[in-house]
Amino acid sequence: LGRGKAFSTVEGGILLTDNREIAAAIEEELSELKPYNFFELVTLVLTALALKLLTSPALFWLPKSLPFLQIGATHFDPDFAIRTFSKFQAGLTFSWLERLERFRTQRRFNAEKWAMQKTNNTVKPYLTTESLPDLIRFPIECADESVRRELLHESERYGLGLAAVYPDTIAGITELKKTFAGQQFPVAQQLVHRLATLPVHPLVANYDRQRIARLLGRDKIVSKVTAAEPIKRAG
């Protein structure tokens, strides 16, 4: 339930199990957790207020311009503090079922629009309307890394909201490399450098979709590519 999720309480998560023994073990672990201290709780509240304000597309340039926020960064850090869920966070879940259903409906609508989007021959929607899962962002596949780089550059220039996916595969994470020693994942590695994503959140308006559609169909992106190979689907 961290920031940037479809349904957020700033930080935290949900555990589900249908096993009574596992449930009892979880309850025992939770009973030993400490609550947020005063400073942590104030920080949590201020972060929630900032996120509420800065999630507006018109203001998103501001948090992206602050490097210490590390917007879009991906970090592998298993050593983090665990706290009990605060009453403030519980308040943020008010009417969660109705809100989540509304978010899902709006995201689905935007995802279907992107799945049917006409593009130039170097950019393709990665999913079709027949295979749409519940998406937080819609993936598109570029012919090569240079096409994606140009797309993201133009998106940043005009504030269109396109984004890259993860910077590397799971096997490429420094702390996990030993786990995957001797194994190769060529399709995953290829997609890391060719996938980009389009926004589907409820604040995406028809005007936003039109501007992004114009970018995806521009000949300028094609001219940047010298030898674009055919886009292949992952099996």
Side-chain angles (χ1 to χ4, degrees), residues 2-8 50-65 69 71-74 96 98-167 191-225 228 230-234:
R3 69 180 189 183
K5 302 303 181 185
F7 184 77
S8 175
L51 290 173
K52 178 66 175 177
L53 174 65
L54 298 175
T55 49
S56 168
L59 294 175
F60 194 60
W61 62 270
L62 180 56
K64 288 194 70 174
S65 67
L69 292 180
I71 300 296
T74 300
W96 70 271
E98 293 83 358
R99 289 163 54 195
L100 191 57
E101 185 58 37
R102 184 171 68 253
F103 294 161
R104 291 181 62 187
T105 299
Q106 293 170 317
R107 293 200 310 269
R108 176 81 186 193
F109 175 82
N110 286 322
E112 288 177 348
K113 292 291 185 181
W114 294 134
M116 298 184 290
Q117 177 64 50
K118 293 181 179 180
T119 61
N120 64 52
N121 62 359
T122 63
V123 182
K124 301 291 183 183
Y126 194 68
L127 300 170
T128 66
T129 53
E130 291 76 24
S131 61
L132 281 180
D134 188 22
L135 297 171
I136 293 179
R137 295 188 64 87
F138 186 89
I140 57 173
E141 187 175 0
C142 302
D144 60 27
E145 190 173 5
S146 68
V147 174
R148 188 183 75 157
R149 185 165 52 247
E150 177 67 12
L151 272 176
L152 296 179
H153 172 76
E154 292 297 291
S155 171
E156 188 75 17
R157 181 181 176 189
Y158 294 105
L160 300 181
L162 277 71
V165 290
Y166 295 108
L191 289 177
V192 161
H193 299 293
R194 290 166 58 166
L195 285 180
T197 61
L198 308 178
V200 298
H201 56 75
L203 296 177
V204 176
N206 186 52
Y207 173 69
D208 301 312
R209 288 193 299 270
Q210 291 175 351
R211 295 174 67 209
I212 294 173
R214 285 196 292 270
L215 172 61
L216 297 179
R218 277 172 50 176
D219 292 335
K220 179 180 179 181
I221 298 171
V222 179
S223 67
K224 291 282 185 178
V225 185
I231 293 176
K232 300 177 182 179
R233 298 285 182 198

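In what follows, residues are counted from 1 in the order of the sequence shown. As a basis for the values below, the full set of heavy atoms in this structure was taken, side chains included, without hydrogen atoms, waters or symmetry mates. If you're wondering where the values come from, they're calculated on a predicted model, not measured in any experiment.
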| F138 vs R107 side-chain heavy atoms within contact, under 4.5 Å | no
| note | Value for CG (N110) from OG1 (T105), rounded to nearest 0.5 Å, stands at 11.5 Å
| said: Is any side-chain heavy atom of W114 closer than 4.5 Å to one of I140? | reply: no
| note | The side chain to side chain donor-acceptor pair (under 3.5 Å) partners of Q106 (sequence neighbours excluded) come to none
| If every non-hydrogen atom of A115 is compared with every non-hydrogen atom of T128, which pair is closest and at what distance? | CB-C, 4.0 Å
| Got a second to check how far R211's CZ is from S155's OG, nearest 0.5 Å? | 9.0 Å
| field | Pair K124 + E141, salt bridge at N-O below 4.0 Å | value | no
| query | Can you list the residues that meet the side-chain contact (heavy atoms from CB on, under 4.5 Å) rule with R137, with sequence neighbours excluded? | reply | A163, T197, P199
| request: Check whether any side-chain heavy atom of L191 lies under 4.5 Å from a side-chain heavy atom of Y126, and answer yes or no. | output: yes
| Heavy-atom neighbours of R104 CZ exceed 12 at 6.0 Å | no
| message | Are the side chains of L135 and L127 in contact, using a 4.5 Å heavy-atom criterion? | response | yes
| task | Evaluate the side-chain proximity of L151 to L216: yes if any heavy-atom separation is below 4.5 Å, no if none is. | result | yes
| request: State whether the side chain of D144 and the backbone N or O of V147 hold a donor-acceptor pair below 3.5 Å, judged by distance alone. | output: yes
| Do the side chains of P125 and L198 get nearer than 4.5 Å, heavy atoms only? | no
| F103 CZ to E98 CD distance, which is reported to the nearest 0.5 Å | 11.5 Å
| note | A213 meets the side-chain contact (heavy atoms from CB on, under 4.5 Å) criterion, sequence neighbours left out, with Q117
| Are any of the side-chain heavy atoms of R214 and Q210 separated by less than 4.5 Å? | yes
| request: State whether E112 and R108 are salt-bridged, where the test is any N-O pair (Lys NZ or Arg NE/NH1/NH2 against Asp/Glu carboxylate O) under 4.0 Å. | output: yes
| task | Measure the shortest side-chain to side-chain distance between R148 and V165 over non-hydrogen atoms and say whether it is less than 4.5 angstrom. | result | yes
